[in-house]
Structure formats: structure tokens, C-alpha cells
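Here the structure is laid out as C-alpha cells; the discussion comes afterwards.
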Amino acid sequence: MPAHDVLIIGAGLAGQRAALAAAERGASVAIMSKVHPVRSHSVAAAGGINAAISVDDDWRSHAYDTVKGSDFLGDQDAIEVMCSEAPAEVMHLEHIGVTFHRNDKGEMDLRAFGGASMKRTAYVADITGQALLHVLYEQLMKHHETVERYEEWFTTSLLTDASGRCCGVIAREVRSGRMEIFTAKNVILACGGAGQAYKPTTNGLIVTGDGISLAYRSGAPLMDMEMVQYHPTCLVETGMLITEGARGEGAHLLNANGERFMEKSAPNKMELASRDVVSRAEQIEINEGRGVGPDGAGIYLDVTVVPRKRTLEALREIVNLGRDFAGVDITREPIMIRPGQHYIMGGVKTDIDGLTPIEGLYAAGEVACVSVHGGNRLGANSLLDTLIFGRRSGEHAAARAAAMPMPDLDANAQLQRDSDEIDAIIARPRDGRRVSEIKNELGEEMNKHAAVFREEAGLQEALQTIHRLREETGRAWIDDKGTVFNQDVLGALELGFMIDCAETTVVAALERKESRGAQYRTDYPERNDEEWLKHIDITLSDGAPEVSYSPVTFTQWQPEVRKY
Ligand SMILES: Cc1cc2nc3c(=O)[nH]c(=O)nc-3n(C[C@H](O)[C@H](O)[C@H](O)COP(=O)(O)OP(=O)(O)OC[C@H]3O[C@@H](n4cnc5c(N)ncnc54)[C@H](O)[C@@H]3O)c2cc1C
């Protein structure tokens with residue numbers, strides 16, 4: 001049975017950074033991923049990573065912008081850690097081989113991004129995530145003697161001992177279907193977000209909330225789950241992302257009258273206001289009949305105002321994306337976009353070292369809620385979050401491992417339970433609904449009622465639907481009855497994870513009776529600091545979500561009216 005000091009579930013940027021940090025501190029490390037590591041969703045990140053590295057910048061300015069972007073729900077101690085450690089982290093990435101874009105003077109170039117008071121986004125064209133992920137993977141190879149890689153292994157549950165300490169996981173090898181117990185002194189969840197609980201989404205098919213649900217089922221609290229980010233520029237048909245880098249380079253948003261409507265809601269920052277503000281402004285244009293396209297469901301993103309040479313150099317992937325998926329040459333004509341689900345600010349509640357309230361269990365990256373993003377994440381702060389808190393989790397877990405023995409737990413009963421559950425899914429008769437049908441309905445329902453605008457009746461309807469879908473999930477059938485690369489059965493498990501994420505999102509959205517950040521309640525349109533300047537925590541209690549509150553941490557910035 002494999003046993004490790006630090007076992008990391010997830011090999012995106014958060015997981016790989018955690019693995020490297022733990023290995024550098026001498027721990028025996030393992031990293032597990034349900035897909036090959038460089039296919040982790042971090043590879044899709046486009047626009048860049050924030051850090052106050054310009055001589056004119058200061059990390060406190062970055063921190064203030066992040067606090068304001070979060071609509072004052074972000075924890076300021078965590079934001080200070082992230083922003084003050086950012087410059088060294090980005091320079092470290094450069095030193096290990098990331099080919100950041102340089103300007104004519106040969107300095108690292110920085111681009112503008114939403115909600116930022118100055119240019120502070122370092123980038124590699126519009127493939128920043130891919131560039132970072134591949135360089136970290138090379139580094140991981142260098143540590144092959146101390147870092148074991150379990151590639152294409154799917155974690156089915158976390159193991160906890162009688163005192164509630166986390167001491168490993170159960171996982172299934174995707175290639176063979178073999179089930180295995182993994183013992184660990186510490187487990188770091190780095191499983192990414194839950195975008196697939198929505199349809200459409202910018203997130204890939206593998207982003208199914210596994211880590212959030214695994215932690216929740218083990219008794220860990222989730223925090224800020226109501227805060228789901230809709231990105232302002234997604235393709236109308238597919239929901240695919242056009243990076244904020246396009247607006248950072250100067251692209252305009254236009255309604256059907258050809259107006260730059262951002263003038264109304266963000267006269268200073270215009271298209272570079274924070275994402276919640278821009279998405280709402282777009283949705284208002286669409287709802288009030290000033291949208292573009294056949295049924296007025298879109299907005300024009302006009303990249304033609306950016307010099308063509310610059311677009312071809314710095315935004316080359318979205319040039320391809322526009323051509324291949326919308327039939328539009330963005331260097332010559334506007335492209336139709338709309339707000340679309342993109343990111344989840346909430347997740348597993350952690351402290352600034354990634355520790356959850358469950359001993360031995362850490363979380364970092366999009367799966368976690370530290371909370372540095374609060375009510376709304378600033379673009380290019382997520383890659384930073386993955387790396388800073390991935391590293392800190394790895395370091396902390398390695399230090400903790402050095403002072404403790406390997407847990408001695410008989411997990412055979414849990415192994416059997418997980419194996420039986422999988423066998424039962426495979427054996428289901430074809431008299432319920434298909435997994436894919438339920439998943440589609442879930443995503444569409446979330447996109448209808450838990451999106452840019454929300455209100456009580458719609459959220460209640462969504463909750464009822466989720467309860468019905470949970471019940472139907474217990475009977476949902478799949479086609480593949482085999483053991484080799486049975487993605488069908490994993491899809492059924494993922495559906496269960498997404499239902500947990502959707503339920504906790506809707507419960508928290510119902511609970512928060514105000515509008516803040518990404519949560520805009522049309523029935524409670526004002527921000528209400530007196531009653532709601534607090535986090536909503538959700539814990540699984542007797543099989544149902546239980547709500548409690550925790551305070552927001554303030555250090556230097558008091559809440560103020562948020563204007564862009
Ligand atoms: C299109 C797009 C563009 C973006 N652009 C930017 C940007 O420019 N700047 C920015 O800051 N942010 C950006 N983001 C957000 C950012 O990319 C993500 O938030 C971040 O990369 C998440 O990284 P992660 O390490 O937390 O998770 P991921 O990279 O999603 O990795 C999750 C890992 O967990 C593994 N895993 C999950 N479940 C299991 C399981 N059950 N068993 C085993 N393994 C499992 C997966 O295999 C994977 O290895 C973008 C997001 C999208 C969708």
C-alpha cells in the first residue's frame with residue numbers, strides 16, 4: 001500500500017507548486033491526477049498573472065485593488081500574503097524557465113487587466129497557463145526521485161481516522177479500474193473548480209467540483225459558495241472564453257446602438273471595471289433590448305481598435321478561437337460575446353497555509369477558499385492564488401509531516417464501499433435517466449437561476465430541481481460496463497460531486513439577502529454591510545447543508561462605496 005508524507009490530489013498549478021515546495025523541504029511526496037498533469041485545466045489560462053513588479057507599483061496597491069474587487073468580502077490577511085509574495089513568485093517562475101513576454105527595453109512586459117489601478121499582469125501571449133504548467137512539470141521531473149506521480153488516477157473518497165484526522169485517500173486507476181488505498185500524513189486537495197455544474201461554462205469537462213465535494217463529505221466547511229463568477233466575454237454559442245487580455249489591450253464593448261455602454265456603470269475604468277460589474281452591465285443591455293445578434297442575446301467585443309500587429313502577437317489564440325468557433329476574424333470585425341460562468345470564488349475553507357479545519361487536510365487553488373477573492377475575483381489573480389497558496393500548503397504540510405509518524409489505518413472497509421458503489425453504478429438497469437441528461441439539466445438550471453441576476457423564487461426552484469436531480473442521480477445509468485478507461489462511471493461519480501457544489505451554491509445564494517460582488521439579488525439590490533459583511537460557511541450535517549457564519553478579516557482597508 002503506497003504511503004507518503006504529503007499526498008496531493010490534483011496536478012494543475014496549485015498541485016504541482018505544492019508538490020515542488022514539499023519535495024524541496026525533504027518530504028516524500030506524491031501527486032495524483034485524474035488526467036495527465038499538463039491536461040489539467042490550468043493549461044487553459046490565457047491572459048496572465050498579477051504581481052506588483054513594476055518599479056512604479058506597490059504590493060499594497062495590488063492588495064487594495066483585490067480587496068475592492070472582492071467587494072470587501074475577501075480576507076485581508078490572506079490578500080496581503082498573496083500580493084506581497086507575488087513579485088518573488090513571478091520572478092521565481094521566470095528563473096525556472098517561463099518565457100514571459102518582454103517589451104522593447106527587454107523588461108518583463110505588463111498588460112492592463114480588469115479592476116487593477118495600473119498595468120501589473122505578466123503574460124506569455126494568451127497561453128500563460130500552458131507556459132506555466134509545462135515549466136512546473138519539467139521541474140517535477142527533476143524531482144522524480146522524491147515525487148511519485150499517479151497520473152490518471154481518480155480519487156473517490158478521503159480517508160479519516162476515528163478522531164476525524166485525514167490520513168489518505170481511496171483512488172481508482174483510470175487505465176485498469178483497480179482500486180487502491182493511499183495512506184498519507186497530509187492530503188492537499190488541489191482539484192480545481194466546479195464550472196461544469198453550469199452549462200455553458202468556460203471550464204473544461206474535467207472541472208467537476210470533486211475536491212470541494214470530497215472535503216464537504218468529510219466534514220470540512222465550504223465558504224463563499226454563493227460567489228460564482230460570470231466572465232464578461234464568452235462566445236454566445238459555446239461559452240468559450242475570450243480572454244480579458246483583449247480588453248486589457250484596448251478592445252471595446254458595444255451594444256446594438258454602437259454605444260460603449262460601460263460609460264454608464266464604470267465611467268473611469270470602462271471595459272476594465274471588475275468582472276461582476278461588466279457582466280451585469282452587459283446583461284442589463286441584453287435584458288433591456290440593446291443586445292446584438294439574431295435574438296439580441298449578445299454584445300459586441302470590438303478588437304479591431306487594437307493595432308492588428310499587436311493582436312496577432314499578444315492575442316493569437318483568440319484570433320484562432322474567433323475564426324474556428326465563431327467564424328469571425330477579430331482583427332477585422334467585432335465578435336459577439338455574452339457573460340458566461342467562469343470561476344468559483346468559494347470552496348473549501350482554509351487558513352493562509354492552506355489548512356482546513358480537518359487535521360491533515362489542506363486545500364489550495366480554485367478548490368479552496370482562503371478567501372482572497374471574496375465576492376469577486378480580479379482577472380489574473382487566480383494563477384497567483386494557485387501558486388502562492390499551493391507553495392504555502394506544500395511547505396506547511398512537509399513541516400507537519402516531519403514531526404509525525406505515518407498513520408496506521410485499516411481502510412479496507414472504505415475501499416470496499418467505494419468499489420461496491422462503482423460496481424452498483426455499472427450494474428444499473430436502463431430504466432432511469434442517462435448521467436449526461438441529468439448533468440445537462442443541472443447546468444441549464446444553474447445558468448437560469450444562479451447566474452448574474454438571482455432572486456428568491458428562482459433560487460428556490462433551482463433548489464427543488466437539484467433535490468430531484470440528486471434523487472435521479474442515484475438511478476442514472478451508463479453505457480460502458482468495462483474496467484479499462486471507463487470514463488462513463490467516473491462521469492457518474494463526478495455528477496454526484498457537481499450536485500453537492502450546486503446545492504451548496506444555491507443554499508448560500510438564498511441565505512445571502514443582499515447584493516455583493518458576483519451575487520446580485522434583484523429582490524435585495526443593495527449591499528448591506530451591517531448584516532452581511534460576513535462569510536457564509538456550509539457544512540454537511542446529517543446529510544444536509546447546514547449554514548453558519550464567520551467574520552471577514554480586516555487589516556488596513558475599511559469598506560467603502562465601490563465605484564470604477
Ligand atoms: C479559459 C480560462 C482562462 C483562464 N485564464 C486565467 C488567467 O489568464 N489568469 C488567471 O489568473 N486565471 C485564469 N483562469 C482561472 C485559472 O486558470 C484557474 O482558476 C486555475 O488554473 C485553477 O488551477 P488549479 O490548480 O486550482 O486547478 P486545475 O488546473 O483545474 O487542476 C485540477 C487538478 O485536479 C485533478 N483532479 C480533479 N478531480 C480529481 C479527482 N477526483 N481525482 C484525481 N485528480 C483530480 C485534475 O486532474 C487536475 O490535475 C482561467 C480559467 C479558464 C477556464
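Whatever order the structure lists ligands and atoms in, that order sets their numbers, starting from 1.
- Given atom 27 (O) of ligand 1, the protein heavy atom at minimum distance is Gly192 CA, 3.3 Å.
- Considering each of Ala190, Ala368, Gly15, the one bringing a non-hydrogen atom nearest atom 33 (C) of ligand 1 is Ala190.
- Annotation: Arg310, atom CZ; neighbour count of heavy atoms from other residues, nucleotides and ligands within 6.0 Å is above 12.
- Under a 4.0 Å heavy-atom criterion, Gly129 is not in contact with ligand 1.
- Residue Ala44 has at least one heavy-atom neighbour below 4.0 Å for each of these atoms of ligand 1: 1 (C), 2 (C), 3 (C).
- A donor-acceptor distance shorter than 3.5 angstrom exists from the side chain of Ser33 to the backbone of Val35, with no hydrogens or angles considered.
- Residue contact check for ligand 1: Arg39 places no non-hydrogen atom closer than 4.0 Å to it.
- Residue contacts with ligand 1: Asn203 is included, with a non-hydrogen atom under 4.0 Å away.
- Ligand 1 has an N or O atom lying under 3.5 Å from an N or O atom of Ala46, backbone or side chain.
- Of the polar atoms of Ala11, at least one N or O is found under 3.5 Å from an N or O of ligand 1, judged by distance alone.
- Counting only distance, with no hydrogens or angles, the side chain of Asp480 and the backbone of Gly482 share a donor-acceptor pair below 3.5 Å.
- The closest approach between Trp153 and ligand 1 falls below 4.0 Å for a heavy atom of the residue.
- Taking the six-membered ring where tryptophan is involved, the planes of Trp153 and Phe182 are perpendicular, since the angle between them exceeds 60° and thus also 30°.
- Nearest protein neighbour of atom 24 (P) of ligand 1, counting heavy atoms only, is Ser42 OG, 3.8 Å.
- Residue pairs meeting the salt bridge (Lys or Arg N to Asp or Glu O under 4.0 Å) criterion with at least one member in residues 229-245, sequence neighbours excluded, are Glu244-Arg247, Glu244-Arg275.
- Ligand 1 has a nitrogen or oxygen under 3.5 angstrom from a nitrogen or oxygen of Lys34.
- Looking only at protein heavy atoms, the nearest one to atom 42 (N) of ligand 1 is Thr155 N, 2.9 Å.
- Here the rule is side chain to side chain donor-acceptor pair (under 3.5 Å) with Glu494, and of Lys439, Gln487, Lys34, Gln196 only Lys34 fits it.
- Of the N or O atoms in Gly48, one or more lie within a sub-3.5 Å distance of an N or O in ligand 1.
- Looking from atom 6 (C) of ligand 1 to the surrounding protein, the closest heavy atom is Ala45 CB, 3.5 Å.
- For Tyr150, the side-chain hydrogen bond (donor to acceptor under 3.5 Å, both in side chains) partners are His4, not counting sequence neighbours.
- Under a 4.0 angstrom heavy-atom cut-off, Val207 registers as lying outside contact with ligand 1.
- Residue Glu366 has at least one nitrogen or oxygen atom sitting less than 3.5 Å from a nitrogen or oxygen atom of ligand 1, judged on distance alone.
- At least one donor-acceptor pair under 3.5 Å links the side chain of Ser40 to the backbone N or O of Pro37.
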Checking Arg172 against Glu180 for the salt bridge (Lys or Arg N to Asp or Glu O under 4.0 Å) test, could you report, in this order, the C-alpha distance in whole Å, the side-chain angles of both residues, the deciding distance, and whether it holds?
CA-CA 6 Å; Arg172 173 178 167 103; Glu180 181 75 83; over 6 Å; no
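- Looking at ligand 1, you'll find an N or O of Asp210 within less than 3.5 Å of one of its N or O atoms.
- Checked by atom type, the side-chain pair Asp75/His535 shows a donor-acceptor distance below 3.5 Å.
- Between Leu241 and ligand 1, not a single N/O pair is under 3.5 Å apart.
- Across all their heavy atoms, Ser393 and Gly354 have their closest contact at OG-CA, 3.6 Å.
- Polar contact with ligand 1: absent for Gly379 (N/O pair, distance under 3.5 Å).
- Atom 10 (C) of ligand 1 has its closest protein heavy atom at Leu383 CG, 3.3 Å.
- Where the criterion is an N or O separation shorter than 3.5 Å, residue side chain and backbone included, Tyr343 fails it with respect to ligand 1.
- Heavy-atom separations between Asn381 and ligand 1 include at least one value shorter than 4.0 Å.
- On a distance-only criterion, Ser40 and ligand 1 share at least one N/O pair closer than 3.5 Å.
- The heavy-atom pair separating Ser371 from Asp224 by the smallest distance is OG-OD2, 3.1 Å.
- Ala518 approaches Asn376 most closely through the heavy-atom pair N-CB, 4.5 Å.
- At the shortest separation from atom 8 (O) of ligand 1 among protein heavy atoms lies Gly47 N, 2.7 Å.
- Between Tyr230 and His342, the ring center distance fails the sub-6.0 Å criterion.
- When each atom of ligand 1 is checked for a heavy atom of Ala380 under 4.0 Å away, the hits are 9 (N), 10 (C), 11 (O).
- Evaluated by nearest non-hydrogen atom to atom 47 (O) of ligand 1, the leading choice among Ser33, Ala14, Ala18, Gly211 is Ser33.
- More than 12 heavy-atom neighbours from other residues, nucleotides or ligands sit within 6.0 angstrom of CZ on Arg25.
- Both cation-pi conditions hold for Arg377 and Tyr343: the charged atom is under 6.0 angstrom from the six-membered ring centre and inside a 45 degree cone around its axis.
- Protein heavy atom nearest atom 35 (C) of ligand 1, with residue, atom name and distance: Gly10 CA, 3.5 Å.
- The protein heavy atom nearest to atom 16 (C) of ligand 1 is Ser382 OG, 3.5 Å.
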